Protein chains: 2
Amino acid sequence: MSDHIEVCSFIHAHEEVVEMVRERMPEEELLYDLAELFKVFGDSTRIKILYALFESELCVCDIAQLLNMTQSAISHQLRVLKQSHLVKYRRDGKIILYSLADDHVRRIINQGMEHVEE
Amino acid sequence: MSDHIEVCSFIHAHEEVVEMVRERMPEEELLYDLAELFKVFGDSTRIKILYALFESELCVCDIAQLLNMTQSAISHQLRVLKQSHLVKYRRDGKIILYSLADDHVRRIINQGMEHVEE
DNA sequence: CATACATATGAACATTTGTTCATATGTATG
DNA sequence: CATACATATGAACAAATGTTCATATGTATG
């Protein structure tokens, strides 16, 4: 453990460890997609929308009223959430009702909340 | 609850639902902090760093070599991860070794990965 | 204590991102 | 089919973010 090569000037880092780690890293693309997913959770407006949908399916105007934001802003954000498969929607007359896509959303947010609440 | 915004006529339906949801929403500040946390996960460089630290504690240069990035870029990102309490570090001679702060990190990432892998 | 090395930091820059404004699309109803 | 309503979209703009470059700080060793 402590037989570190003392020179860490980039060209001679802990070569074997680095190689071991490299081999175990997931695909570049997968890591990119994962970061993209978290990026979606990384905005307080979208977090609020998702939390709201924890309780009930809602239309765009409901959410706009709840968060005191414009219809347009909410619609733009819902599109992002749709594209990431975090919310789904159904039409009911002229209204479109949004809801959480599945239980992953809840679990991801809850895990995050556990860390934040410490 | 005073005047709201133009386009959408907020006088319409779902008032009670919106009120119910509003009451159950967590504190504004908590939601903000949660978004900030996910923002940290929302960058592929930082995701890669965290995944690397899944396998072994590493110094800045190790990570720079692994990801083929500059020492400076990695150092900047490690600072972000430190500030969010996602990584910790210890000194060993002139080297500083970084590792995951706790198991939340793993769990949050794994939950995210489940969603991405579908 | 002078030197080399490992890491940190600040400023500058390009890119990305969230909101607004104006307007378009789509859908039910008179 | 004309109208009103619910939602979507595109362009523009400001704010936030990640990397680079240059340099500073801190630490061991000869």
Side-chain angles (χ1 to χ4, degrees), chain A residues 2 4-14 18 31-32 35-49 57-65 67-84 87-99, chain B residues 4-14 18 31-32 35-49 57-84 87-99:
Chain A
S2 54
H4 289 130
I5 302 146
E6 296 293 356
V7 186
C8 200
S9 69
F10 197 78
I11 310 156
H12 354 67
H14 305 117
V18 171
L31 293 170
Y32 183 81
E36 287 301 304
L37 175 68
F38 283 124
K39 205 171 284 182
V40 176
F41 288 96
D43 174 79
S44 62
T45 298
R46 289 191 292 265
I47 284 284
K48 288 174 193 170
I49 294 175
E57 57 178 6
L58 295 167
C59 71
V60 176
C61 285
D62 290 338
I63 301 173
Q65 182 179 29
L67 303 185
N68 199 33
M69 293 179 65
T70 64
Q71 173 272 322
S72 180
I74 302 302
S75 184
H76 278 298
Q77 296 297 13
L78 281 170
R79 176 164 53 157
V80 174
L81 293 168
K82 256 189 292 182
Q83 283 169 345
S84 308
V87 306
K88 60 186 199 292
Y89 62 97
R90 69 182 180 89
R91 187 173 271 280
D92 178 26
K94 40 180 160 180
I95 283 176
I96 293 179
L97 286 164
Y98 283 87
S99 56
Chain B
H4 284 105
I5 319 160
E6 55 292 321
V7 188
C8 227
S9 56
F10 283 137
I11 312 108
H12 80 316
H14 309 137
V18 170
L31 293 170
Y32 183 81
E36 287 303 303
L37 175 68
F38 283 124
K39 206 172 283 181
V40 176
F41 287 96
D43 174 80
S44 61
T45 297
R46 288 191 293 265
I47 283 284
K48 288 174 193 171
I49 293 175
E57 57 178 6
L58 296 168
C59 72
V60 176
C61 284
D62 289 339
I63 301 172
Q65 182 180 30
L66 175 69
L67 304 185
N68 199 35
M69 292 179 65
T70 66
Q71 173 270 324
S72 181
I74 301 302
S75 183
H76 277 297
Q77 297 297 15
L78 282 170
R79 176 164 53 156
V80 175
L81 293 169
K82 256 189 294 183
Q83 282 168 345
S84 309
V87 306
K88 59 185 199 292
Y89 61 97
R90 69 180 180 89
R91 187 172 272 280
D92 178 26
K94 42 181 158 179
I95 284 175
I96 293 179
L97 286 165
Y98 283 88
S99 56

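Everything numeric here is computed off the predicted structure, so don't read it as measured data. Naming convention: chains lettered A, B, ... in sequence-line order (proteins, then strands); numbering from 1 in each chain.
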Can you give me every donor-acceptor pair (side chain of residues 37-48 of chain B, partner residue at least two apart or in another chain, under 3.5 Å) with its distance?
{"residue": "B:K39", "atom": "NZ", "partner": "B:E36", "partner atom": "OE2", "Å": "3.0"}
{"residue": "B:D43", "atom": "OD2", "partner": "B:T45", "partner atom": "N", "Å": "3.1"}
{"residue": "B:D43", "atom": "OD2", "partner": "B:R46", "partner atom": "N", "Å": "3.1"}
{"residue": "B:R46", "atom": "NE", "partner": "B:V40", "partner atom": "O", "Å": "2.6"}
{"residue": "B:R46", "atom": "NH1", "partner": "B:Q77", "partner atom": "OE1", "Å": "2.8"}
{"residue": "B:R46", "atom": "NH2", "partner": "B:K39", "partner atom": "O", "Å": "3.2"}
{"residue": "B:K48", "atom": "NZ", "partner": "A:E28", "partner atom": "OE1", "Å": "3.3"}
{"residue": "B:K48", "atom": "NZ", "partner": "A:E28", "partner atom": "OE2", "Å": "3.0"}

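Counting to the nearest Å, the C1' atom of C:dA11 and the CZ atom of B:R79 are 12 Å from each other. Atoms CD1 (A:I95) and P (D:dA4) sit 18 Å apart, rounded to a whole Å. In this structure, A:I63 atom CD1 and C:dT19 atom P are separated by 13 Å, rounded to whole Å. In this entry the distance linking NZ of A:K94 with P of D:dA6 reads 6 Å, nearest Å. Between the P atom of D:dT7 and the NZ atom of A:K88 lies a distance of 17 Å, rounded to the nearest Å. When the P atom of D:dA8 is taken as reference, atom CG of A:L97 falls 11 Å away, rounded to whole Å.
You'll find that the side chain of B:T45 is closest to D:dT19, out of D:dT19, D:dT9, C:dT19. Looking at the side chain of B:K82, the nearest of the listed nucleotides C:dA8, D:dT7, C:dG10 is C:dA8.
Not counting sequence neighbours, the partners of A:K88 by the side chain to side chain contact (heavy atoms under 4.5 Å, CB included) test are A:S99. Listed by chain and number, the residues in a salt bridge (charged side-chain N to carboxylate O under 4.0 Å, His left out) with A:R91 amount to none (sequence neighbours excluded). With sequence neighbours left out, B:Y32 forms a ring-ring contact (aromatic ring centres under 6.0 Å, His included) with no residue at all.
Each of B:S75 and A:Q77 has a nearest nucleotide on DNA chain C; the 5'-most of these lies closest to B:S75.
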Give me, pair by pair, the N or O atoms of the protein and of nucleotides 21-25 of chain D that are less than 3.5 Å apart, along with how far apart they are.
{"residue": "D:dC21", "atom": "N4", "partner": "B:S72", "partner atom": "OG", "Å": "2.6"}

Mind listing the N/O atom pairs, protein and nucleotides 12-17 of chain C, below 3.5 Å?
none

Per-residue pairing states of DNA chain C in dot-bracket (Watson-Crick or G-U under 3.5 Å; . unpaired, | other strand) read ||||||||||||||||||||||||||||||

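Not one side-chain nitrogen or oxygen of B:Y89 sits closer than 4.0 Å to the OP1 or OP2 atom of C:dA8.
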